K.L.:
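Quick one: the structure is below, questions incoming.
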Number of protein chains: 2
Amino acid sequence: MSVTVEKALQLIEALAGANGPVGVSQLGRDLQINKSTVYRLLDTLVRHGYARQEEDGARYALTVKLWEMGIGVVRGLSLPRAARPLLEQAAEETGETTMLAVVQGREALIIDKVDSRHPLQIFSPLGARLPIANSAMGRVLLAFQPEPVIDAAVEAFAPRTEFGIQTPAQLRKDLARIRAEGASQSCDEWQIGIAGAAAPIRDASGVVAGAFCITGPTARLCEDKLSALRTRCLEASRTISQLLGYAG
Amino acid sequence: MSVTVEKALQLIEALAGANGPVGVSQLGRDLQINKSTVYRLLDTLVRHGYARQEEDGARYALTVKLWEMGIGVVRGLSLPRAARPLLEQAAEETGETTMLAVVQGREALIIDKVDSRHPLQIFSPLGARLPIANSAMGRVLLAFQPEPVIDAAVEAFAPRTEFGIQTPAQLRKDLARIRAEGASQSCDEWQIGIAGAAAPIRDASGVVAGAFCITGPTARLCEDKLSALRTRCLEASRTISQLLGYAG
DNA sequence: AACGCCGTTCCTATATTTGAAACGGCATGC
DNA sequence: GCATGCCGTTTCAAATATAGGAACGGCGTT
C-alpha cells in the first residue's frame, strides 16, 4: 500500500466532496495530513491537470479532468452502450423514468437514465446512490451478489419506511424469490411515493453486471401496472444480456 | 512533486485510455514502471475502490468510481447548473444541437449538450474535445484567454480544411473581432459540413468561464441563419452570465 | 518435460517523503 | 499603526516508504 498515493486519493475525494474550493490548511486539518504534504500533493495534482488554484491565489478545486476520464470509463464499458437504446425505448413506451444501475460498494449506482416526461416524476440524478436492500433496483442487484455480500446486507438491513420488507428474514426470502422469478418490484420502500421494477442484466460470462429499472410515482403505478413494468424490465434486460453475449 | 503519485496518475490515465482491462506487466512496459511498483500502486487503487481485478484473476480495470467522482465535480460547478435550462430552451427553439464548453488544456471540452431532433445532426459526445482554433466554439474561448495562451495557439495554428481561417494572422484578427463583437461563428472549418455559432459566458468575477454554442449541418445553416444563431448564443450567454453573478 | 509469461511476494539500498519551522502576504483587531 | 493570526509557500535534515531486482508458483504453449 502506497501511503503517498492514499493521501492523494483522500485529497481528491475531499475536493470532489466539497462543493467549492478548499484551502491547503483546511484540507490538512480535515484529513489530518501535514500542511506541507498537502501542498506538495496538490501541486502534483495541479501539474497534471486534475486540480487548479482559484483566481484568489488561495484555495484549490478539481478541474473537469476527473469528469472527462470518468466519461471515458463508462464509455469503455459495453453495458451502457448496449442498454442505452432499450432505456430510451422503454421510457418512450411506458412514459416512466428508466434507469441503468450497477453495484458500487454496498450501494446501487445509477449510471444512465432516461427521464419520464410527466410533470410528476422521480428525481434521481446520474451518479445517485440507492440503498441496495430497500428498493427493487437495489435488491435485484443484491440477489445475485456473492454469499458474503448478501449476508452482510441482510445483517445490516434496516427498513426505511413502514411499507414493504421490514425484517432481515423477509429480505432473505425476497432475494430468493427474485432469484427464482428473475425480477423484482417495490413500492414506497425507499421513499414514500416512489415505486419501481427491475431485472438483472448478465454479461457474457453469466455474471449479473447491472440492473434495468423502471420507476415512477406510486400514484401512477398500481399493482397491475407495476407488474407489467416488471415484465417490461425482464424483456429489456434479457435483450441487453444477449447483446452482451449472454447465451442463457 | 510526488513521483509516487505521478505514477499512480499515469496508471489511472492508462487504464482510462485503454478500452478494456490491462495486465500488470503490460502497464509496466507501457509506462516504463517496474512491475512490482505497478502492482503495489494498483493494489492501492483497488483497495480504495478505483480499480478492480477482472474475474480472470489477471488484468485490471477502472471501476465507475472515477466517473462517479467526476459527476460530483461538474455538479459542484455552478456553470452547468445555470446553463442547462438555456441549452434546452435554445435547442427547442432553434431545432439545432446546443452545447456548453470549457477550456481544458489546449482544447475546448464539451461538458453538456442537448441534441437536435433532426435526423441529420452533429455527432459530438459529452467529453469530446475540439481544437481551440478551428471552430466557433473553440475560438470564442480562446479569444478571452491570457496573452501567452493566445500566442501559443496562434503560433501552433494549422487549418483543418480549406475553408474559413487559413493563417495565424487571420486567426489573430478574428480573435480581436470576437472580443469586439462578443461572439463568433464558423462554417466547415473543423469538419466539412459542420457550422456553428458561440458566445462567451462570464462568471461573477468577469472571467470567461465557458462558451454557449449552437451547432448544426452546414446544409441547414445558411449565412443568415448562422448569424441569427450567433445572436441567440449571445442572448443565452448573457443570461447565464447574469445568473452566475456577472454584473457587466 | 521445458519454456515463457503471468501476477505476486520478498527484501534492502536508496531516493523520496515527511513535518516542524520559518517566510512573506494579507486581513483583522486592538 | 502596531500586533496578531491565518493563509499559502518554501526550506531542510531525519525518517521511512519506495523502488526494483530476484525469485515463486501457476498456467498455457511448445
Side-chain angles (χ1 to χ4, degrees), chain A residues 1-63 65 76 146 204-205 207, chain B residues 1-63 65 76 146 203-207:
Chain A
M1 284 271 264
S2 172
V3 297
T4 316
V5 173
E6 285 196 295
K7 286 177 186 166
L9 294 177
Q10 280 182 60
L11 233 47
I12 293 178
E13 288 176 27
L15 286 172
N19 44 4
V22 191
V24 173
S25 303
Q26 185 66 43
L27 283 168
R29 261 178 271 121
D30 293 350
L31 306 176
Q32 313 234 48
I33 304 177
N34 187 284
K35 206 168 58 155
S36 317
T37 303
V38 171
Y39 178 74
R40 194 159 33 81
L41 294 177
L42 276 179
D43 189 50
T44 306
L45 292 179
V46 169
R47 281 175 201 266
H48 285 76
Y50 289 84
R52 69 153 194 280
Q53 196 166 20
E54 290 298 297
E55 284 79 10
D56 56 10
R59 299 163 308 164
Y60 289 81
L62 292 179
T63 67
K65 177 152 183 177
S205 62
V207 174
Chain B
M1 284 274 262
S2 172
V3 297
T4 315
V5 173
E6 285 196 296
K7 287 176 186 164
L9 293 177
Q10 278 182 60
L11 233 49
I12 292 178
E13 288 176 27
L15 287 172
N19 44 5
V22 190
V24 173
S25 303
Q26 186 66 42
L27 283 168
R29 261 177 271 123
D30 293 350
L31 305 175
Q32 314 233 46
I33 304 177
N34 186 284
K35 206 168 58 155
S36 318
T37 303
V38 171
Y39 178 75
R40 193 157 35 80
L41 293 177
L42 276 180
D43 189 51
T44 307
L45 292 179
V46 169
R47 281 174 199 267
H48 285 76
Y50 288 85
R52 70 153 194 280
Q53 197 167 18
E54 290 299 299
E55 285 78 11
D56 57 11
R59 300 163 309 165
Y60 289 82
L62 292 179
T63 67
K65 177 154 183 176
D203 65 16
S205 62
V207 173

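Everything numeric in this text was worked out from a predicted model, so none of it was measured. The sequence lines fix the lettering, A, B, ..., with proteins before strands; numbering per chain opens at 1.
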K.L.:
Phosphate oxygens OP1/OP2 of C/dT17: is one of them under 4.0 Å from a side-chain N or O of A/Y39?
P.N.:
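Checking C/dT17 against A/Y39, no side-chain N or O comes under 4.0 Å of OP1 or OP2.
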K.L.:
Please state how far atom CZ in A/R29 lies from atom P in C/dG19, giving the value in whole angstrom units.
P.N.:
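Answer to the nearest Å: 17 Å.
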K.L.:
Rounded to whole angstrom units, what separation is found between the CG atom of B/L11 and the P atom of C/dG7?
P.N.:
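Atom CG in B/L11 sits about 12 Å away from atom P in C/dG7.
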K.L.:
Are any protein N/O atoms closer than 3.5 Å to N/O atoms in nucleotides 11-14 of chain C? If there are, list each pair with its distance.
P.N.:
none

K.L.:
Could you state the CG-P distance from A/D30 to D/dC7, rounded to the nearest angstrom?
P.N.:
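Taking CG of A/D30 and P of D/dC7, I get 11 Å after rounding.
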K.L.:
Can you measure B/D43 atom CG to C/dT8 atom C1' for me and round it to whole angstrom units?
P.N.:
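Those two atoms, CG and C1', are 10 Å apart.
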K.L.:
In whole Å, what is the span from the CZ atom of A/R59 to the P atom of D/dC6?
P.N.:
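Value for this atom pair: 18 Å.
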K.L.:
Without decimals, in angstroms, what is the distance between B/L27 CG and C/dG7 C1'?
P.N.:
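Result: 12 Å.
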K.L.:
Quick one: does B/T4's side chain have a donor or acceptor within less than 3.5 Å of a partner on A/T4's backbone?
P.N.:
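No.
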K.L.:
Report yes if a side-chain nitrogen or oxygen of B/Q26 is closer than 4.0 Å to either non-bridging phosphate oxygen (OP1 or OP2) of C/dC6; otherwise report no.
P.N.:
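No.
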K.L.:
In a table with atom names and distances, give each donor-acceptor pair under 3.5 Å that connects a side chain of residues 7-18 of chain A to protein atoms at least two apart or in another chain.
P.N.:
residue : atom : partner : partner atom : Å
A/E13   : OE2  : B/Y50   : OH           : 2.6
A/E13   : OE2  : B/K65   : NZ           : 3.4

K.L.:
Tell me, for nucleotides 14-28 of chain D in 5' to 3' order, what letter each nucleotide earns: B for a base near a protein heavy atom under 4.0 Å, S for only sugar-phosphate near one, - for neither?
P.N.:
---SSBBBB------
K.L.:
Give me the atom names and distance for the closest heavy-atom approach of B/Q53 to B/A58.
P.N.:
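So the minimum-distance heavy-atom pair works out to NE2-O, 3.4 Å.
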